[in-house]
S.K.: 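The structure is given below, and queries will be raised subsequently.
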Amino acid sequence: MRWSLARFIYATYEDLKSGKTTDIYFVRTAKILKAYGLDKVDVYAEFTPSSLPKGYPWAVLGGLRDVVELLRGVPVNVYAMPEGTVFFPKDYRGVRTPIMGIEGPYGEFVVYETPVLGFLSMGSGIATKAARVKKAAGDALVLSFGARRTHPAISPFAGYYAYIGGCDAVSCIEAAEFLGMKPVGTMPHSLMIIFRAIKGDHTLAWEAFDKVVEKDVPRVILIDTFLDETEEAIRAVEKLGDRVWGIRLDTPGSRRGDFAEIIREVKWRLSLIGRDDVKIVVSGGIDEYLIPRLKAAGASAFGVGSAISNARIVDIAMDLVEVKVNGKWMAISKRGKYPGRKQVYRCEKCFVDLVVPLNKSEPKCPRCGSPMKPLLIKVLEKGEVAADIPPPQEVRKYVLEQVEKLSLDSVPW
Ligand code: PCP
């Protein structure tokens with residue numbers, strides 16, 4: 001029993017690679033298979049979404065980057081939709097959609113089912129929520145401020161998939177490093193509180209920010225610490241003039257009332273003094289349902305924390321659907337699942353998906369008759385990377401191109 005305070009409670013790279021984060025029954029299964037000489041039996045395991053969070057008609061595949069890293073070196077083949085691919089729980093005919101498959105000796109990967117599902121369900125949950133929030137925001141900026149709303153050891157992962165899903169930038173330093181980007185942020189209430197307490201004037205904090213922080217950092221002034229937002233907004237532009245790129249409203253719930261109305265009023269007063277250029281950044285409890293009203297009121301950037309970092313996972317399950325017996329693959333699965341390995345075809349015009357047994361020929365789109373594109377590609381061959389995961393900027397672009405064709409509330413068929 002490891003009892004020491006000299007370590008945070010989280011799993012290291014080595015812990016994951018050695019299968020230490022798995023469920024004990026997989027370790028026992030590996031032991032039983034080995035005892036009966038069945039650990040080398042080749043299987044094909046399929047990953048399908050059991051359900052999406054309430055109200056989600058589609059999801060964005062996330063977590064694949066780390067799945068590939070986890071299984072790299074394990075003698076298996078992995079087939080998957082590319083990272084960032086939009087998927088539906090079921091296809092046009094109601095057949096459950098496989099998003100990934102692992103082929104190989106079951107004993108070699110049995111203990112990895114748990115971490116693989118963890119990466120995919122959380123990565124997809126965060127990326128999907130980010131995509132929904134960005135879809136609601138359109139051309140308005142969405143900034144991932146969610147590092148404080150999740151376990152710090154995975155805040156880089158949360159920020160990474162918040163960006164992949166559609167956020168324009170992230171505040172978490174290590175997430176930005178993984179993305180090869182600069183972290184973004186404004187200023188915390190604590191800064192104004194210190195200046196007010198010590199120097200008697202919280203607006204001196206704004207000047208201090210402007211004096212000390214690198215010149216290429218946009219000056220976004222937090223305007224809800226002590227006085228009414230409209231008053232603080234005017235003081236901010238009076239104090240820093242055209243150095244003010246934007247103002248942030250993080251109005252406490254007790255004062256929020258009609259947040260859109262507050263934004264509209266601040267915008268109006270700034271306009272009266274010829275500062276229509278000042279961007280309105282809002283944060284605190286923001287999600288895809290709140291954004292349309294706040295954007296219409298004049299907000300042009302959204303700081304989003306818990307809604308994305310704490311997003312509901314996409315419930316994904318792994319099931320064996322084929323076992324090799326005497327050199328021949330046998331289609332077999334538990335009740336409720338579809339035996340035999342499959343390919344998913346997509347009509348890129350209609351965004352219609354069809355799930356087809358692998359040995360069947362390529363279908364035509366049931367709606368427009370066009371040829372359809374197979375989505376599952378080989379990403380690992382005998383543990384060697386077989387298809388590179390593109391850089392996050394490309395994956396994000398791929399996500400936004402797909403989501404542009406979709407609605408937040410219904411499947412495209
Ligand atoms: C929070 C902080 C986060 C925002 C709100 C995330 O403000 O700025 O970025 O909120 P959400 O999780 O509801 O989306 P404060 O807690 O006021 O913190 P600070 O003073 O540091 O800005």
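Just so you know, ligand 1 is whichever comes first in the structure, and atom 1 is the first atom listed for that ligand. Side chains are part of it too, since the values below use all heavy atoms of this structure and drop only hydrogens, waters and symmetry mates.
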S.K.: Taking K20 for the side chain and A11 for the main chain, is one N or O donor matched with an acceptor at less than 3.5 Å?
M.R.: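 Checked: no pair found.
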S.K.: Taking the ring of F88 and the ring of W413, is the distance between their centroids below 6.0 Å?
M.R.: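 For W413 and F88, the ring centres are under 6.0 Å apart.
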S.K.: Name all residues meeting the ring pair (Phe, Tyr, Trp, His ring centres under 6.0 Å) criterion together with Y289; count only those two or more places apart in sequence or in a different chain, and write none if there are none.
M.R.: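 In terms of ring pair (Phe, Tyr, Trp, His ring centres under 6.0 Å), with neighbours along the sequence ignored, Y289 is linked to no residue.
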S.K.: Does Y163 have its ring centroid less than 6.0 Å away from the ring centroid of Y160?
M.R.: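 No - the distance between ring centres of Y163 and Y160 does not fall below the 6.0 Å cut-off.
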S.K.: Only counting residues at least two apart or in another chain, list the ones meeting side chain to side chain donor-acceptor pair (under 3.5 Å) with E207.
M.R.: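 Per chain and number, E207 pairs via side chain to side chain donor-acceptor pair (under 3.5 Å) with no residue.
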S.K.: Enumerate the protein residues lying less than 4.0 Å from ligand 1, judged by heavy-atom distances, in chain and residue-number order.
M.R.: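 Around ligand 1, where the cutoff is 4.0 Å for heavy atoms, the contacting residues are F145, R148, R149, P188, H189, R248, D250, G284, G285, V304, G305, S306.
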S.K.: Using residues 305-314 as the side-chain source, report each donor-acceptor pair under 3.5 Å to any protein atom, sequence neighbours left out, with the distance given to one decimal.
M.R.:
unit_1	atom_1	unit_2	atom_2	d
S309	OG	G146	O	2.9
N310	ND2	R149	O	3.1

